[in-house]
Structure formats: structure tokens, C-alpha cells
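Take a look at the structure below.
Just so it is clear, the model here is predicted, and its values are computed rather than measured. By convention in this document, chain letters (A, B, ...) are assigned in the order of the sequence lines, proteins followed by strands, and residues within each chain are numbered from 1.
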Amino acid sequence: MSLDVTSTQRPAPTRNMEQIVSLCKRRGYMFQNSEIYGGCNGFWDYGPLGVELKRNIKEAWWHDMVTSHNDMEVLSGAPAIYSMTGIDSTIIMHPQVWKCSGHYDLFHDFMVDCRESKKRYRHDQIVGRWVQAKGKRIFATAQTSEQELEQLERQAMKFFKLRAKNKEQMEWEGDVIALVDLDVEHRESVLAPDAKSLDTLTEPREFNLMFKTTIGALGGENDAAFLRPETAQGIFVNFKNVIDSTRFRLPLGIAQTGKSFRNEITPRNFTFRSREFEQMEIEFFCHPDASGDWYRFWRDRRMQWYQDLGLSADRLILREHAASELAHYSIGTADIEYAFPFLPAGEYGELEGVSHRGDFDLRSHMEGKLTKELELELGEDGKPKHRGSGKDLSYRDDLTNEKFVPHVIEPSAGADRAALAFLCEAYCEDQAPDEKGKMQTRTVMRLHPRLAPIKAAVFPLVKKDGMPEVAKKIYLDLKKHFNVFYDDKGAVGRRYRRQDEAGTPYCITVDGQSLDDQTVTIRDRDTLKQSRVSIGECVAAIQEGLASQ
RNA sequence: GCGGGUGUAGCUCAGUGGCUAGAGCGUCACGUUGCCAACGUGAAUGUCGAGGGUUCGAAUCCCUUCACCCGCUCCA
């Protein structure tokens, strides 16, 4: 006897971030880290349900991209057959890795704040020039840009309260010089780029965007190392090892999941901007001539993956970076972005970046840190600023005998951001009838069955007449295949609703009829429909559900 | 880093100097229950974010600090 349910159509989900955060805490998806001590800014923990969700996401990714990859046939949209494999590298690596990758220089910016305008600037991006008018001499500044000269003039005119026609009253002296090169004793003459009064800039302060640590119990400054800010470099530095230790041939993708660390300046938006986060990255190595086609293949394939696991196409966009944003060696970079509920309408947050990186990374680890123009960056002494490994990371095609430095396509996804997006997408309040047939609000997490922390719950309809015994046996049988949950407490309707909030796609109920004919009902989370199957068919029925959609 | 807001039970929140800090939901036990949370009875639950101060007395006023949210900034 199945219920007569009318609310099968899917209403527009309520997407209130506060309610989602509240449910995450209440049901054990996510907790603030070190909460009993007041929390730790930018760090979040996964609870009993959250850890299963995140594991399922990572396992789905690894399964879909790596272990189940079909390397015998050309995939739809792919230029050719290709191989996939994986590695697992350490979080702490040789410090030179980050110097050659560019992270060391980029992640060590000195910043100055303006006390008046509250703006923050990179210290090395401010330039200025001495100027004198009305008997006063100041150092007017502007941010480095194409219009920096006009900006300087405008800043100075504003300060001296001069009209455009009187601007010749200003006497400029010397060339435009970087603020970095200005003598510190002149600080009180500096007019900040957006200030009206003098001397409003703070001391330059170092922003360590990488987490610094020390190798060795007695280590000092010479033993400084960094927690990786991305997993990608572990793949690049192991490229040669993978090629030499296997019989893989290009094109080849090497996958890795793992924690990365960045000192985000502003951790914000629940887990979206965390300082410790987990990545799922692929570095796909291919021949330079085909790299454009592979880039488009991966971009589209990764976009489709999120949709296959339930993210709505309406809330996903593929944002191609403009040509002006790209390093000149790159054919393209596309961000896969999701309309998170904490963002204003029309704005999207990045889930994954797919970029064409040319041979930048492998060459950097061969020769040393490269500029964006792919030239070796030199220090003041004319030697390489950061010396590479000197190892030959090029690839020899043993069929054509051609030797080349492979190009790389990098689909780089955030596991925590994916988890957050799936949770946001899944959160839904709909209407379901109570025992009197009156419609009640129901909170349900419509997670894809593959991602759902618990695949099925098993209930005896009532806690008597031998039903618990039958249900427990089914529970133990299912447990060999899936993460399942047993509950015999309270009214069955309440048990259903609890599973709805946990996102459990199926509830199996043992009732009076089960005792006679060895059948049970399976209730679908989204439609509330029940179907009756024999006890022996339960595993197959759930497996079918996991495979569908 | 700046400005604004918030912080009281697992969750949502009430409580603006005066009894032993409350409510709803949730949780647990027993009973009831034969399919969608709100039937009965009973129970547990709080460093009032943390530290310090003022006061006879502080969840409440003051200072410091931490976290979260919003807006700048940042997003390499």
C-alpha cells in the first residue's frame, strides 16, 4: 500500500545560507574547527555525515577520472586515446620547488595600508615623483599602471588645491621612482595614491601567503620549508619518475588529491575560503600540437562532471578568461563557477580552474623560475634568480622518436568547495503531508545517491511482532555493500524525516506483510513513493539507484 | 588590515543592573503507534564566546580578546 503523494514536483529550493550552515552543524556535516576554544579563523572540520560526503566526492572524482577511465577507446570529445594514473606526494617539499614554481616570489608580497583611505597596496606597485607648489614639496604617488603619470598629476593637483589651468605652478623634479626606492626619512612627505593628507601609509608589512615551517627539530632559518599551496607541483616534480617507472605513453594524465595550505587574507563564506583545504588535481601531459584540443576536452568534461553529480546547469557557468588575463604561452583558462547562495545574484564562486599551462611548469623545474614571457628570470647578478633542477624533463616518443617538453592541461578542483556546492544545491524545503494529510514543511538534502553519506536506512515499521529482528538482518546484509543506518525509535514518519535531512536516498521498511512474504518497502527520498521488493532484491535495488540519474 | 553587526541549551531565539537564566524545536526513557516530524508521561541539558574591570549585585555597563556574518581590501 503506497502513499498517495502529490508533492512530487520539485520546487525551487530555498537557498538561505544561514539555514544551510545551521543544518550542517545540527546534523553533523561540518563544524567550526576547535570550536570549544572559540574557533580558529579559516579552519573547518567535517562531522560524521560530512566526512562521508567528502570521501564520496573524492572517490567519485578518482573513480570517474582515473580508475574507471577507458583507455582503450576514444572518449566522446577527446582528440585521442589517453591514459590516466595517480600519485600521492608529500605536503612539505624541497623549498626550491616553490621558488621555481613562482609561488615563493608571488606569495611574499610586502603590503602597505593607507590609514586614511583604508586601501591596501602592494608596496612594489606604488610609484611616485617629487613635486613642489605653493612652497611645499611632496612625493605624490600612484599605483603602477598605464595612466600612472596622469594619476600622479591629479593626486598632486588635488593636494595643492590647484585647478587644471594652474597646473604649471607645480614644479616636478626627477623621474618617477618606485616607493620602494624612496628614502624612509621622506615618509612624512608621501601622499598616498588615494589620500588627501600626507604620511598616511603604514610600514611595509610582509604577507606570507604560504605557511612556513621548519624541517628538523633543531632547524633554524636555513631549514625553512613551506606547506604546499597546491598539489600540482608534486606531480610536476614526479613526472619523470612516473614516465620512467611505468610503460605509460603520452597523452597521460596524473591525478592527485590532498591538502593544501594558503594564508588567505580574508577567510570568508563558510568553508569557501579556508586556509587548509583539499584539492583534486590532474596534470595532463600531451604533445604541444594537440594541447589546444585537449584543453577544450578537459574544460567541457569537468563541467559535465559536476552536472552529472547533480549541480544544476542553471547555477553553473564556464567562465573563459579573457585573452588579456592569460599568460602569453597559455591558450586558455576557464573557471567552472557555481552560484553559491552567499553570493549576490549574478555572481559565481570558483569550483575548479582548467588551464592550459604550456610547458611553463616542466621548463621551470628544468631551467629555473621563468617570467611570464617564458624567459629565465635573472637576478641582479645576471644569474638565474631561482635555479631549476637541471634535470631533463622532456619526453621522448618511442614511436616517432620525437623529443619534446610536454604541454600541460591542468584541471584543478577544490574538494571542499565541491562539497559546499553539493550541499547548497541539495538543500531544499518542500511540502509533504503529515499523518493527518496536512501539508508540512520538510527539509531534505537532495544529494545525488553516489554522494549521499548514508545510502539507505532500515526501519521496522513498529518495534514489535518480530519486525526489528527481520530489519536488523537486512541491515547487516546491506552493510556489506553500503553505508547504511538502522533506526527503530519513535514514529516511522519521524525516522523518514530525519533521513531526509541526512540526504539518505532510500528507506527500507519492514512491515507486517514482510513477515508473511519476505518483502519490504523502499521509499524514495525525493518522490516519497514506495515500492515493494523482496528482501533479497534490496542490494540490487539500491545499486540501481546509485547508478542511475 | 579597516568599518558595521552578531555571539545565551544540539538548533532557532527571548531575556537591557535585582529571586535558582527561559521558550519552541530537537535529544533521551517508558507507554502508545501498522507508513511520513507536532499522542501521553517523564528526564537530561547552559564556563550566557573568552579574559579582565565597575558594582552590594553583571547575560545585561566598561575595556581587551576570539569567532562568525555583511561591506571595503585581498583573491597570487
- prompt: What does A:D465 touch in the nucleic acid at a heavy-atom separation under 4.0 angstrom: a base, only the sugar-phosphate, or nothing?
  reply: base
Roughly how many Å apart are B:rG49 and B:rG7, using the P atom of each and rounding to a whole number? 8 Å
- Message: Classify the ring geometry of A:Y295 against A:H356: parallel below 30°, tilted from 30° to 60°, perpendicular beyond 60°.
- Response: perpendicular
Between B:rG46 and B:rA14, how far apart are the two C1' atoms, rounded to whole Å? 15 Å
> Any donor-acceptor pair under 3.5 Å between the side chain of A:Y37 and the base of B:rC66?
Replying inline: no
*asked:* Any base atoms under 4.0 Å from A:L515, or only sugar-phosphate, or nothing? Heavy atoms, all strands.
replied: nothing
Which of B:rC11, B:rC68, B:rC35 is nearest the side chain of A:W44? It is B:rC68
Checklist entry - Contact class for A:F459 vs. all strands (heavy atom < 4.0 Å): base, sugar-phosphate, or nothing? => result nothing
- Query: Going through the distances and angles, do A:E230 and A:S101 end up as a side chain to side chain contact (heavy atoms under 4.5 Å, CB included)?
  - Reply: CA-CA 11 Å; A:E230 62 173 33; A:S101 71; 5.5 Å; no
task: Between B:rA29 and B:rA21, how far apart are the P atoms? Round to whole Å, please.
output: 28 Å
Check: Aromatic rings A:Y338 and A:F340: how do their planes relate, parallel, tilted or perpendicular, breaks at 30° and 60°?
Finding: perpendicular
Whole-Å distance, A:D516 CG to B:rG34 P, equals 17 Å
Atom CD of A:Q19 and atom C1' of B:rC69 are separated, to the nearest Å, by 15 Å
To the nearest angstrom, the CG-P distance between A:D511 and B:rC36 comes to 13 Å
So what does A:R442 hit on the nucleic acid, given a heavy-atom distance under 4.0 Å: a base, only sugar-phosphate, or nothing? nothing
Applying the 3.5 Å cut-off to both distances, the Watson-Crick or G-U partner of B:rG24 turns out to be B:rC11
- Task: Look at A:R26 and B:rC11 and indicate whether a side-chain polar atom (N or O) is within less than 4.0 Å of OP1 or OP2.
- Result: no
Does a side chain donor of either A:E377 or A:T371 reach within less than 3.5 Å of an acceptor in the other side chain?
no
By nearest-heavy-atom nucleotide on RNA chain B, the more 5' of A:P344 and A:E35 is A:E35
Which of B:rC36, B:rA67, B:rU12 is nearest the side chain of A:R523? It is B:rC36
In whole angstroms, the gap separating C1' of B:rG10 from CE of A:M30 amounts to 18 Å
When rounded to whole Å, the CZ to P distance for the pair A:R498 and B:rA37 reads 12 Å
Between CG of A:D488 and P of B:rC35 the distance, given in whole Å, is 18 Å
Checking B:rC72, B:rC28, B:rC36 against the side chain of A:L528 (C-beta onward), the nearest is B:rC36
Do A:S514 and A:D511 have side-chain atoms, one donor and one acceptor, less than 3.5 Å apart? yes
Practice item. Verify the contact: side-chain N or O of A:R273 to OP1 or OP2 of B:rC74, cut-off strictly under 4.0 Å; return yes or no. Key: no
Could you tell me how far B:rU60 sits from B:rU54 if I compare only their P atoms? Round to whole Å.
15 Å
To the nearest angstrom, the CD1-C1' distance between A:I20 and B:rC11 comes to 15 Å
Next on the checklist: Considering every strand and a 4.0 Å limit on heavy-atom distances, what is the contact class for A:G47: base, sugar-phosphate, or nothing?
Outcome noted: nothing
Atom NZ of A:K463 and atom P of B:rU33 are separated, to the nearest Å, by 14 Å
Mind checking the C1' distance from B:rC25 to B:rU65? Whole angstroms is fine. 33 Å
Check: Below 3.5 Å, does any donor atom in the side chain of A:R494 face an acceptor in the base of B:rA37, or the other way round?
Finding: no
Have a look at A:R495 and say if it touches a base, only the backbone sugar-phosphate, or nothing, with a 4.0 Å heavy-atom cut-off. nothing
Against the side chain of A:V462, the closest entry in B:rG34, B:rA37, B:rA29 is B:rG34
Pairwise C1' distance for B:rC19 and B:rC56, with rounding to whole Å:
16 Å
Checking N1-N3 plus N6-O4 or O6-N4 for Watson-Crick, or N1-O2 and O6-N3 for wobble, each under 3.5 Å, the partner of B:rG40 is B:rC30
Review point. Are the ring centres of A:F270 and A:F272 closer than 6.0 Å?
Key: no
Notebook entry, point to check: Does B:rC68 have OP1 or OP2 sitting under 4.0 Å from an N or O in the side chain of A:N41?
Noted result: yes
*Rounding to the closest angstrom, what is the interatomic distance between B:rC70 and B:rU12 at atom P?*
15 Å
message: Is A:N33 close enough to B:rA67 that one of its side-chain N or O atoms is under 4.0 Å from OP1 or OP2 there?
response: no
Testing B:rC35, B:rA37, B:rG34 for proximity to the side chain of A:R497, the answer is B:rA37
Taking the six-membered ring for Trp, are A:Y475 and A:Y486 parallel (under 30°), tilted (30 to 60°) or perpendicular (over 60°)? tilted
Answer for the Watson-Crick or wobble partner of B:rC48, both distances under 3.5 Å, is none
Closest to the 5' end of RNA chain B, once A:P267 and A:Y496 are matched to their nearest nucleotides, is A:Y496
B:rG34 glycosidic conformation (syn if within 90° of 0, otherwise anti) is syn
Worksheet item: Does OP1 or OP2 of B:rU33 have a side-chain N or O of A:K464 closer than 4.0 Å?
Response: yes
Pairing partner of B:rG3, by Watson-Crick or G-U wobble and under 3.5 Å for both distances, is B:rC70
Salt bridge (charged side-chain N to carboxylate O under 4.0 Å, His left out) test vs A:D430 passes for just one of A:R525, A:R497, A:R442, namely A:R442
### Query
What interatomic distance, in whole Å, is found between C1' of B:rC72 and the corresponding atom of B:rG57?
43 Å
Paired to B:rC35 by Watson-Crick or G-U wobble criteria (both distances under 3.5 Å) is none
| request: Please determine if A:R523 forms a cation-pi arrangement with A:Y496, meaning its NZ or CZ atom is less than 6.0 Å from the six-membered ring centre and no more than 45° off the ring axis. | output: yes
Taking a pair to mean Watson-Crick or G-U wobble geometry with both distances below 3.5 Å, B:rC19 pairs with none
